[in-house]
Amino acid sequence: VVLLNADLAAALPIVERICLDIKRKQCIYRDQTLPGITVSAGLAQYPLHGTSAEELLRAADEAMYAAKNAGRDRIEVSLAHPESKTLAQP
């Protein structure tokens, strides 16, 4: 999801709401309720985490994988700087 003109403070509650809405959905397949769906998300902000679309997507992707590695069903904010090509997580 790309949120134009939204900094991290504005984006975080939006992403939290999206994750909660997805989690609340019930999926039924062949008359059986499937286990709940969770979302792992990574946030990156222009120009803090990158100045090109490629850098921003890479930072958000790395943060998303950090969320998965930290236990899933969570949101991580990228602390990556484009020049370092590494991701630091709190």
Side-chain angles (χ1 to χ4, degrees):
V1 175
V2 176
L3 301 172
L4 299 176
N5 301 316
D7 62 9
L8 293 173
L12 186 57
I14 294 168
V15 174
E16 287 172 338
R17 188 180 73 239
I18 291 169
C19 292
L20 187 57
D21 287 347
I22 291 170
K23 194 174 201 173
R24 289 179 176 162
K25 298 287 183 196
Q26 282 192 339
C27 296
I28 299 172
Y29 179 72
R30 294 188 179 181
D31 297 325
Q32 290 187 338
T33 301
L34 301 177
I37 298 170
T38 61
V39 176
S40 298
L43 296 180
Q45 177 183 321
Y46 171 87
L48 182 63
H49 303 114
T51 56
S52 69
E54 181 180 283
E55 289 172 343
L56 287 169
L57 288 173
R58 182 182 314 114
D61 190 55
E62 289 173 354
M64 185 263 310
Y65 278 105
K68 288 182 176 293
N69 291 332
R72 300 178 181 248
D73 192 23
R74 57 187 294 136
I75 301 165
E76 291 288 335
V77 176
S78 174
L79 297 178
H81 296 282
E83 63 276 0
S84 70
K85 303 294 187 220
T86 60
L87 176 71
Q89 289 294 320

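Quick note: residue numbers are just sequence positions, from 1.
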K.L.:
Using atom types as modelled and distance alone, determine if a side-chain donor or acceptor of His49 lies under 3.5 Å from a backbone N or O of Ser78.
P.N.:
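Confirmed, His49 side chain pairs with Ser78 backbone.
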K.L.:
Let me confirm one number: the NZ-CD1 distance from Lys25 to Ile22, rounded to the nearest 0.5 Å.
P.N.:
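Nearest 0.5 Å value for the NZ-CD1 distance: 9.0 Å.
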K.L.:
Are Ile14 and Ile18 packed together at the side-chain level, in the sense that at least one heavy-atom pair is separated by less than 4.5 angstrom?
P.N.:
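In contact.
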K.L.:
To the nearest 0.5 Å, what is the distance between CG (Asn69) and CZ (Arg74)?
P.N.:
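So the gap between those two atoms works out to 10.5 Å.
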K.L.:
Would you say that Glu16 contacts Ile75 through its side chain, given a criterion of any heavy-atom pair below 4.5 Å between the two side chains?
P.N.:
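SC-SC contact between Glu16 and Ile75 confirmed.
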K.L.:
Please determine whether residues Leu12 and Leu8 belong to a single hydrophobic cluster, defined as Ile, Leu, Val, Met, Phe, Trp and Tyr linked transitively by side-chain heavy-atom distances below 4.5 Å.
P.N.:
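Yes.
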K.L.:
Report, as yes or no, whether the 6.0 Å neighbourhood of atom NZ on Lys68 holds more than 12 heavy atoms from other residues, nucleotides or ligands.
P.N.:
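Result for NZ/Lys68: enclosed.
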K.L.:
Run the side-chain hydrogen bond (donor to acceptor under 3.5 Å, both in side chains) test against Gln32 and tell me which residues pass, sequence neighbours left out.
P.N.:
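Partners of Gln32 under the side-chain hydrogen bond (donor to acceptor under 3.5 Å, both in side chains) test: none.
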K.L.:
Members other than Tyr46 in its cluster, when Ile, Leu, Val, Met, Phe, Trp, Tyr link by side-chain heavy atoms under 4.5 Å?
P.N.:
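Tyr46 clusters with Leu56.
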K.L.:
Determine whether Val1 and Tyr65 fall in the same hydrophobic cluster, where Ile, Leu, Val, Met, Phe, Trp and Tyr are linked whenever their side-chain heavy atoms lie under 4.5 Å apart.
P.N.:
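The answer is no; the residues belong to distinct hydrophobic clusters.
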K.L.:
Could you state the interatomic distance from OG (Ser40) to CD (Glu76), rounded to the nearest 0.5 Å?
P.N.:
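CD of Glu76 is found 9.0 Å from OG of Ser40.
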K.L.:
Where do Val77 and Ala63 come nearest, in terms of heavy atoms and distance?
P.N.:
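For Val77 versus Ala63, the nearest heavy atoms are C-CB, 4.2 Å.
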K.L.:
Is any NZ, NE, NH1 or NH2 atom of the basic residue among Glu62 and Arg58 found under 4.0 Å from an Asp or Glu carboxylate oxygen of the other?
P.N.:
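Answer for the salt bridge query: no.
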K.L.:
Of all heavy-atom pairs between Ala60 and Ala44, which one has the smallest distance, and what is that distance?
P.N.:
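The answer is N-CB, 3.7 Å.
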K.L.:
What pairs with Arg30 under side chain to side chain contact (heavy atoms under 4.5 Å, CB included), at least two apart in sequence or on another chain?
P.N.:
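So Arg30 forms no side chain to side chain contact (heavy atoms under 4.5 Å, CB included) with any residue.
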K.L.:
Mind checking whether Met64 and Val39 sit in one hydrophobic cluster, side chains of I, L, V, M, F, W, Y counted as touching below 4.5 Å?
P.N.:
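No, Met64 and Val39 fall in different hydrophobic clusters.
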